[in-house]
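One structure below.
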Amino acid sequence: MIHMTETKCQLITKANQIMTNMVYVEYRDEIKIIKSEHISFNSNEITQYKILGEHIKYRRKQNHSLGHAISGMVEWKKMLASDRKKTFYQYYYTILDNQLENENYDTIPSGNYLVVYHKGTYETSYQSYHLFLDYAKKNHLILDDIAYDESLIDELIEANPQNYITQISVKFKKEL
């Protein structure tokens, strides 16, 4: 509980120090994660919520509630090209404590990331994707296909979903 509370306090402190609707460039170390089952892009909401529920059950059973909210991976290029009007996750994921050794886990790779902080509901985070896309075009960067949406301010901290803060990260490399 102490570790979980410390992590939540760190996320709140970070959220209070950033500006939304601005692009940051950050180097990130590798992050260990547990991913949900894949969610097909044409899945209905019932299937999405079923997979989310299974991920929550697994997370709770394995005691992986370490202060981080459940996060989402988005194929952001596919999303922007579609006519969807809300963020659609291909995977839900949970950030793991780096002390875990015997767990079967995936990773978010280390590297340089463009980071945008979105203020608003989880479903509207896609509205901030244009910020890193515009920045990448101006600076001749090649963006990975996956965006990582991580909640800093969520329903445990803020009652009004319009005030949630989501950190959106996309790995990049310089054009040759």
Side-chain angles (χ1 to χ4, degrees), residues 1-16 18 24 26-41 43-76 78-79 86-126 128-129 132 144-159 161 163-171:
M1 283 301 272
I2 291 170
H3 179 69
M4 185 175 75
T5 304
E6 288 172 346
T7 299
K8 200 52 125 172
C9 287
Q10 290 170 356
L11 294 173
I12 294 167
T13 299
K14 183 175 185 175
N16 287 329
I18 54 90
Y24 295 82
E26 296 179 7
Y27 178 82
R28 298 178 89 189
D29 291 327
E30 178 181 273
I31 300 171
K32 294 177 184 178
I33 62 171
I34 293 290
K35 292 191 317 192
S36 71
E37 176 184 333
H38 181 263
I39 306 167
S40 172
F41 199 70
S43 293
N44 61 32
E45 284 191 18
I46 293 170
T47 301
Q48 293 171 47
Y49 288 124
K50 179 178 177 248
I51 291 171
L52 175 59
E54 290 169 3
H55 187 72
I56 291 169
K57 274 196 274 186
Y58 177 80
R59 172 182 158 123
R60 199 171 282 149
K61 181 180 175 187
Q62 298 298 319
N63 198 25
H64 289 319
S65 299
L66 301 170
H68 291 278
I70 292 176
S71 302
M73 298 169 74
V74 179
E75 292 179 69
W76 66 272
K78 185 185 283 188
M79 201 162 123
K86 69 178 200 172
T87 306
F88 181 84
Y89 300 113
Q90 276 66 50
Y91 293 95
Y92 294 105
Y93 69 92
T94 296
I95 295 174
L96 298 175
D97 185 335
N98 284 328
Q99 306 304 317
L100 298 174
E101 295 297 330
N102 297 326
E103 184 84 30
N104 184 16
Y105 58 85
D106 288 295
T107 61
I108 296 175
S110 64
N112 294 312
Y113 285 79
L114 295 183
V115 180
V116 171
Y117 297 93
H118 174 79
K119 184 174 183 178
T121 66
Y122 303 132
E123 294 84 14
T124 61
S125 67
Y126 77 94
S128 292
Y129 293 176
F132 59 73
D144 278 4
D145 293 336
I146 300 296
Y148 301 94
D149 284 20
E150 299 171 26
S151 182
L152 300 183
I153 301 295
D154 59 16
E155 61 276 1
L156 293 178
I157 307 303
E158 173 60 51
N163 292 326
Y164 292 175
I165 303 290
T166 303
Q167 174 183 280
I168 306 166
S169 306
V170 177
K171 191 173 181 191

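Note that the structure is predicted; figures quoted are calculated from it, not measured.
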Pairwise side-chain contact, [X] with [Y], heavy-atom cut-off 4.5 Å (strictly under):
X: Tyr89; Y: Met73; value: no
X: Leu152; Y: Tyr117; value: yes
X: Gln48; Y: Phe88; value: yes
X: Tyr129; Y: Val170; value: no

> Has Lys86 got more than 12 heavy atoms of other residues, nucleotides or ligands less than 6.0 Å from its NZ?
Replying inline: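 Counting other residues, nucleotides and ligands, NZ of Lys86 exceeds 12 neighbours.
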
> In chain order, what residues pass the side-chain hydrogen bond (donor to acceptor under 3.5 Å, both in side chains) check against Ser36, with sequence neighbours excluded?
Replying inline: none

> What residues form a side-chain hydrogen bond (donor to acceptor under 3.5 Å, both in side chains) with Thr124, not counting sequence neighbours?
Replying inline: His118, Thr121

Inter-residue atom distance [X].[atom1] - [Y].[atom2], 0.5 Å rounding:
X: His55; Y: Ile39; atom1: NE2; atom2: CD1; result: 9.5 Å
X: Lys32; Y: Asp106; atom1: NZ; atom2: CG; result: 12.5 Å
X: Tyr148; Y: Tyr91; atom1: OH; atom2: OH; result: 10.5 Å
X: Ile95; Y: Tyr105; atom1: CD1; atom2: OH; result: 14.5 Å

Nearest non-hydrogen partners of [X] and [Y], listed with the distance:
X: Leu114; Y: Phe132; value: CD1-O, 3.7 Å
X: Trp76; Y: Ala147; value: CD1-N, 3.8 Å
X: Glu37; Y: Glu54; value: OE1-OE1, 3.6 Å
X: Ile33; Y: Tyr93; value: CG2-CD1, 3.5 Å
X: Ser71; Y: Ser151; value: OG-N, 4.4 Å

Would the distance check show the side chain of [X] and the main-chain N or O of [Y] forming a donor-acceptor pair, the cut-off being under 3.5 Å?
X: Thr107; Y: Glu30; value: no
X: Asp144; Y: Ile146; value: no
X: Thr94; Y: Ile70; value: no

>> Ring-plane angle category for Tyr164 and Tyr122, please: parallel below 30°, perpendicular beyond 60°, tilted otherwise.
In response: tilted

>> For a side chain to side chain contact (heavy atoms under 4.5 Å, CB included) check, start with the C-alpha distance between Tyr113 and Ile108, then their side-chain angles and the critical distance, and finish with the verdict.
In response: CA-CA 11 Å; Tyr113 285 79; Ile108 296 175; 3.3 Å; yes

> Checking side chain to side chain contact (heavy atoms under 4.5 Å, CB included) for the pair Asn163/Ile153: CA distance, chi angles, key distance, verdict?
Replying inline: CA-CA 8 Å; Asn163 292 326; Ile153 301 295; 5.8 Å; no

